[in-house]
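Ligands are counted one by one from 1 in listed order, and the atoms in each one are counted from 1 as well. From a predicted model like this one, the values you see are computed outputs, not experimental measurements. Index from 1, following the sequence.
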Amino acid sequence: MSAQTPSPRDSAIPWNPTSLSGLLEIIGATNMIIIMKTGTDQDVITPVIDRIQQLGLQAHPIIGEGQAIVGVVGLPLPPSLDEMFEVMPGVERVVRVSKKYKLAGWDFHPHKTVIQIGDVAIGSDEVTVIAGPCSVETEEQTMEAAHAVRAAGAKLLRGGAYKPRTSPYEFRGLGVQGLEILAKAREQTGLKIITEVMTPSDVEIVGQYTDVFQIGARNCQNYLLLEEVGKANKPVMLKRGLSLLIEEWLLAAEYVMAQGNPNVILCERGIRTFENATRNTLDVSAVPVIQSMSHLPVFIDPSHAAGKRAFVPSLALAGIAAGADGLMIEVHPNPDMAMSDGAQSLDFTEFASLMPKMSAIATAVNRTLPIPSGAAV
Ligand code: PEP
Ligand code: MN
């Protein structure tokens, strides 16, 4: 430390070590803490404080024995603030106290979100099952699937009319004709419907038919699409991107919510790992982790995680055991003939026999999953 530079202990920055309550008040209000390197001089701390103030935030330096920290108070904190201070001279570490996601997190919303879709309450004690084919192929196929999944206890019908396919040469959906078939299935069965929207310009037309927008894994960070469904007045299921961190996923949900749409359902559908025995790796831990970070309902999609129908039941049961608010499962009248994702689709018998097992696990974790009395198991 040079002779000319005052040591942190001699600093002119106000610091009253006797006022413990004042200190606690500052710590309680602090949104970010900047920890300075041991022995950092005042002239190195001052630019950090200046920068904080230039951003319209308050700086609360706490100068100790050879050690200084600076509390940052004020909201909103720009998301990239951590990185900005981390590279400033004399800064050892930056700890963000307040979350980057505000609307999706518990801090400003202490109650779990329950999304009412007709008589279905997603996020309630009841575990919600969404089932149906990967793609809407024909009216007959969709209608058959709708009746079968309803009879087994599913509450929503799924089916893609706009399909994101890995290869452009694969079946990419029936478009508006598919939406019309879904609407007809809703009319006949009373099941609410969920279908994927892939591009902002389709939000309006898909919204004319669907009860819930599905945003696919590949579009989880398509921010213009997220904003467009955020402006729509329908719930949104946001499937986790193939390599998305949970925080990034919550920030994607934040895009929807920031446009005024609070009804977001998160759906874990497997992430890409080194393992290739399954199509993806189901991150079951995402369920309790999300629930500790967010009030939004969280679903499991065991079908896209497994990729093979033999593994779907185990992953479905694991999802419920982990506390998922619901499941989305692919079910097809004749999986071997399906135009997409047949290998991971259950047939009607397999789905009907899985439902009571899921119901038993739901009961074991203090949830409910009612099975219709006439269900053929
Ligand atoms: C789907 O649900 O059929 C689908 C394409 O899912 P994902 O976006 O998770 O791959
Ligand atoms: Mn699919």
Could you check whether atom CD of Glu204 has more than 12 heavy atoms from other residues, nucleotides or ligands sitting under 6.0 Å from it?
no

Any chance CZ of Arg93 has more than 12 other-residue heavy atoms, nucleotides or ligands included, within less than 6.0 Å?
no

For ligand 1, is there an N or O atom under 3.5 Å from any N or O atom of Asp301?
no

Counting non-hydrogen protein atoms only, what is the nearest one to atom 6 (O) of ligand 1? Give residue, atom name and distance.
Lys239 NZ, 3.0 Å

Apply side chain to side chain contact (heavy atoms under 4.5 Å, CB included) to Glu228 and list each qualifying residue two or more places apart in sequence or on a separate chain.
Pro200, Val203, Lys231

Is the shortest side-chain N to carboxylate O distance from Lys163 to Asp341 below 4.0 Å?
no

Taking only Lys NZ, Arg NE, NH1 and NH2, and the carboxylate oxygens of Asp or Glu, determine whether Lys239 and Glu196 approach each other closer than 4.0 Å.
no

Can you find a non-hydrogen atom of Glu330 under 4.0 Å from ligand 1?
yes

Quick one: which ligand 1 atoms are inside 4.0 Å of a heavy atom on Arg269?
7 (P), 9 (O), 10 (O)

To which protein heavy atom is atom 4 (C) of ligand 1 closest, and what is the distance rounded to 0.1 Å?
His304 NE2, 3.3 Å

Near Glu140 CD, under 6.0 Å, is it more than 12 heavy atoms from other residues, nucleotides or ligands?
no

What side-chain hydrogen bond (donor to acceptor under 3.5 Å, both in side chains) pairs are there with at least one residue in residues 316-331, not counting sequence neighbours?
Lys112-Asp325, Arg158-Glu330, His304-Glu330, Asp325-Arg367, Glu330-Gln344

Those atoms of ligand 1 less than 4.0 Å from some heavy atom in Lys163
1 (C), 3 (O), 5 (C)

I need the atoms of ligand 1 closer than 4.0 Å to a non-hydrogen atom of Cys134, numbered in the order shown.
3 (O)

Cluster membership besides Val212, Ile/Leu/Val/Met/Phe/Trp/Tyr side chains within less than 4.5 angstrom, sorted by chain and number, is Ile115, Ile117, Val120, Ile122, Ile130, Leu156, Ile194, Met237, Ile265, Phe299, Met328

Closer than 4.0 Å to some heavy atom of Gly216 - which atoms of ligand 1 meet that?
8 (O)

Student check: side-chain heavy atoms of Val48 and Phe85 closer than 4.5 Å
yes

Are any of the N/O atoms on Ala217, whether in the backbone or the side chain, positioned under 3.5 angstrom from an N/O atom of ligand 1?
yes

Parallel, tilted or perpendicular, judged at 30° and 60°: which one describes the rings of His295 and Trp106?
perpendicular

Listing protein N, O or S under 2.8 Å around the Mn ion (ligand 2) gives Cys134 SG, His304 NE2, Glu330 OE2, Asp341 OD2

